[in-house]
Amino acid sequence: MMRYKIPRGTYDILPKDSAKWQYVQRVFRETAASFGYEEISTPIFEMAELFERSSGESSDVVQKEMYRFEDQKGRVFALRPEGTAPVVRSFVENHLDRQGGRHKYYYIGPMFRYDRPQKGRYRQFYQYGIELIGSNHPFFDAEVIALEMRFLKALGLRKIRLELNSVGCAGCSVDYDKALQDFFRPHLAELCGDCQTRFEQKPRRLLDCKVPSCKAFRAGAPSQLDYLDEPCREHFAQVQSYLDDMSIAYTVNPAIVRGLDYYTNTAFEIIVDDLGAQNSIAGGGRYNGLISAVGGKETPAIGFAGGFERLLLALESENLALIEPQKPLVFLIAMGDAAQKLVLPLLSDLRGRGIYAEYNPEKGSFKAQMKAADAMGAAYAGIIGEDELASGKISLKDLTSGEQSSVDPRDLPHLLLNNCTP
RNA sequence: GUGGGUGUAGUUCAAUGGCAGAGCACCGGAUUGUGGUUCCGGGCGUUGUGGGUUCGAGUCCCAUCAUCCACCCCA
């Protein structure tokens, strides 16, 4: 008999971990709501072309990491590798670009990339993100960053770093790419193979090559920041000013380059140092050219996305979000058939009032029942046996103190609620 | 896609090429109505899978799959 196995690079979120996932998602939703963002959900697959156009044909995500497939009629789709393009597609498709004004969206859901799995990297992974569409005001660049920082702080994370950069607009990029090519051209023959293609396709990627011999040529390379035109320079200065006013610490790192082609101006990344190689838990930036690139009216926008898996790793490394498993308030024990007839209505009544009550007829002896109550961490044991049947009362034992009292079954819900709610 | 490490019981790990074991967890019991501690009992597991070498393979070799780490990429 063949054993079925979960696909490579995927994982199950088991019940023991679900509370933690629900918790971080709840905090994100609450944080987003407090900034005026509303949830949008899009399909997990889209026309493959949407991602090819938006992320860039030459990007790794499109070239080798996208799950592409044809449906029964030969239409080419892709499992979404990221969340921004679908949101923008929906925005344009619903004619919101014609409506004008600002639109604040957040999303939560799985993304898919055919990558080699490693720590903090999966083939199906869960992202949260926000998109603010309809304004180029630098305040909103800062607001988007502030939202993410607020979220991480609300979770209690302390060891996080914000790195900030501006990649300028399309015009600045052209100038900068030329400057980089001029700078590296004398060493072109000595660069690694990857860098030779980077030289042609994405010169700025020459700056983060890890090959030691390539690193050596990097000293004195021109910085993007020196090639910003006046409006972009001013925009970046204002973003920093707003962050300062909100007391959000950051470091300017000219090496921050977003992986997807659609980013302009502000780019940022949030780093947690002790997560291993995949230490970026969130990243984002402005994408003023994307809406028009997918067929909408020219509209400025900014957003970010964060990864839940890495976020949970970061929480773990700081011993945060330790969630206690749910424990029954009362474990009912019935000895004998007559007692069982009484215990089931009582069980229904308690549960109907929202009290977590357990009962397990599988456990045979009284001792085994008590053990089960203890093993589940129940606060109380409610006992019905011959004595209780005769008296019409049930015995309620406090499993912490060991004290036991005889109570009227009708009073049980109130007693439990009053004793145990803080 | 590239490189390295690791795959043995539910789990954490043992086992010179020679009878596959232990702790924890789990289940049961210690004269059938009182838990936690203690004691006793309960394990044939396709040693990830498929080949090969050998009298004999968990152990050596090859392949494959998975996982971990790194490159790469990115959140």
Side-chain angles (χ1 to χ4, degrees), chain A residues 1-3 5-11 55 58-66 81-84 108-129 148 192-195 198 202 205 208-212 256-260 263 267-272 275-285 303-314 331 333-336 339 362-390 394-404:
Chain A
M1 180 62 188
M2 126 147 217
R3 294 290 276 266
K5 296 210 289 195
I6 195 167
R8 179 162 201 211
T10 68
Y11 58 93
S55 297
S58 70
S59 68
D60 278 28
V61 166
V62 167
Q63 290 252 306
K64 43 189 197 192
E65 295 173 8
M66 212 156 66
E82 57 98 23
T84 298
I108 290 176
M111 307 293 163
F112 306 83
R113 288 184 203 172
Y114 187 85
D115 238 356
R116 184 105 174 236
Q118 76 183 65
K119 183 175 187 177
R121 188 167 79 187
Y122 299 90
R123 288 183 174 178
Q124 174 171 340
F125 58 103
Y126 291 80
Q127 283 193 338
Y128 60 93
E148 168 66 355
C192 72
D194 284 346
C195 281
R198 286 179 183 131
K202 280 189 198 173
R205 284 242 166 260
D208 55 16
C209 180
K210 305 281 198 304
V211 177
I256 294 287
V257 182
R258 308 273 71 239
L260 307 174
Y263 286 100
F268 67 94
E269 206 161 302
I270 290 167
I271 313 259
V272 175
L275 288 194
Q278 310 299 327
N279 63 355
S280 167
I281 66 168
F304 74 79
F308 278 116
E309 293 81 3
R310 293 178 194 179
L311 178 62
L312 291 174
L313 285 173
F331 189 101
I333 296 172
M335 295 307 293
E362 281 185 323
K363 298 293 171 186
S365 68
F366 191 85
K367 194 184 200 70
Q369 292 270 5
M370 285 300 291
K371 277 194 173 190
D374 185 62
M376 293 198 77
Y380 292 89
I383 303 159
I384 306 179
E386 284 174 21
D387 298 349
E388 288 80 6
L389 282 173
I394 74 170
S395 297
L396 186 64
K397 178 163 185 170
D398 182 328
L399 291 174
T400 310
S401 69
E403 287 171 29
Q404 187 164 320

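Convention: sequence-line order gives letters A, B, ...; per-chain numbering from 1.
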First of T10(A) and G120(A) reached from the 5' end of RNA chain B, by closest nucleotide: T10(A)
C1' gap between rG45(B) and rU31(B), integer Å: 37 Å
First encountered from the 5' end of RNA chain B, between K64(A) and G306(A): K64(A)
Whole-Å gap separating C1' (rG1(B)) and CE (M66(A)): 17 Å
Sub-6.0 Å ring centroid separation between Y128(A) and F308(A): yes
E386(A) CD: over 12 foreign heavy atoms closer than 6.0 Å: no
Check: D398(A) side chain, T400(A) main-chain N or O, donor-acceptor pair, under 3.5 Å: yes
Dot-bracket pairing map - RNA chain B, Watson-Crick plus G-U, both contacts under 3.5 Å, | cross-strand: (((((((..((((....[..)))).(((((.......))))).....(((((..]....))))))))))))....
Nucleotide rU6(B), atom P - distance to CD of Q118(A) in whole Å: 19 Å
Y122(A) ring center near Y11(A) ring center (under 6.0 Å): yes
Per-nucleotide protein contact string for nucleotides 33-38 of chain B (B base, S sugar-phosphate only, - none; heavy atom under 4.0 Å): BBBB--
Closest nucleotide among rA75(B), rC74(B), rA66(B) to the Y263(A) side chain: rA75(B)
Euclidean distance, atom NZ of residue K5(A) to atom P of rU46(B) [Å, nearest integer]: 14 Å
Cation-aromatic face contact R123(A)/Y114(A), 6.0 Å, 45 degrees: yes
Pairwise C1' distance for rG5(B) and rC44(B), with rounding to whole Å: 31 Å
Between rU67(B) and rU12(B) - P atom distance, rounded Å: 15 Å
Between rU2(B) (P) and E65(A) (CD): distance, integer Å: 15 Å
Residue list, ring pair (Phe, Tyr, Trp, His ring centres under 6.0 Å) with F366(A), at least two apart or on another chain: none
rC72(B) base / R121(A) side chain donor-acceptor hit below 3.5 Å: yes
side-chain contact (heavy atoms from CB on, under 4.5 Å) assessment of V61(A) paired with E82(A): CA-CA 9 Å; V61(A) 166; E82(A) 57 98 23; 5.6 Å; no
Any side-chain donor near an acceptor of the partner, Q404(A) and Y380(A), under 3.5 Å: no
P spacing across the pair rG21(B) / rU47(B), given as an integer number of angstrom: 14 Å
P-based separation of rU11(B) from rA25(B) [nearest Å]: 16 Å
Separation of atom CZ in R116(A) from atom C1' in rU67(B), rounded to whole Å: 11 Å
Atom-pair distance (CG on D60(A); C1' on rG1(B)), nearest Å: 10 Å
K119(A) versus Q278(A), closest heavy-atom pair with distance: O-CG, 3.1 Å
Span that lies between the P atom of rA22(B) and that of rA14(B), in whole angstrom: 16 Å
Whole-Å distance separating the NZ atom of K119(A) from the P atom of rC72(B): 18 Å
Donor + acceptor pair across side chains of S395(A), E388(A) (<3.5 Å): yes
rG58(B) and rG17(B), which share atom name C1', separated by this distance in whole Å: 11 Å
For atom CD of Q278(A) and atom P of rA75(B), their distance in whole Å: 11 Å
rC74(B) base / R310(A) side chain donor-acceptor hit below 3.5 Å: yes
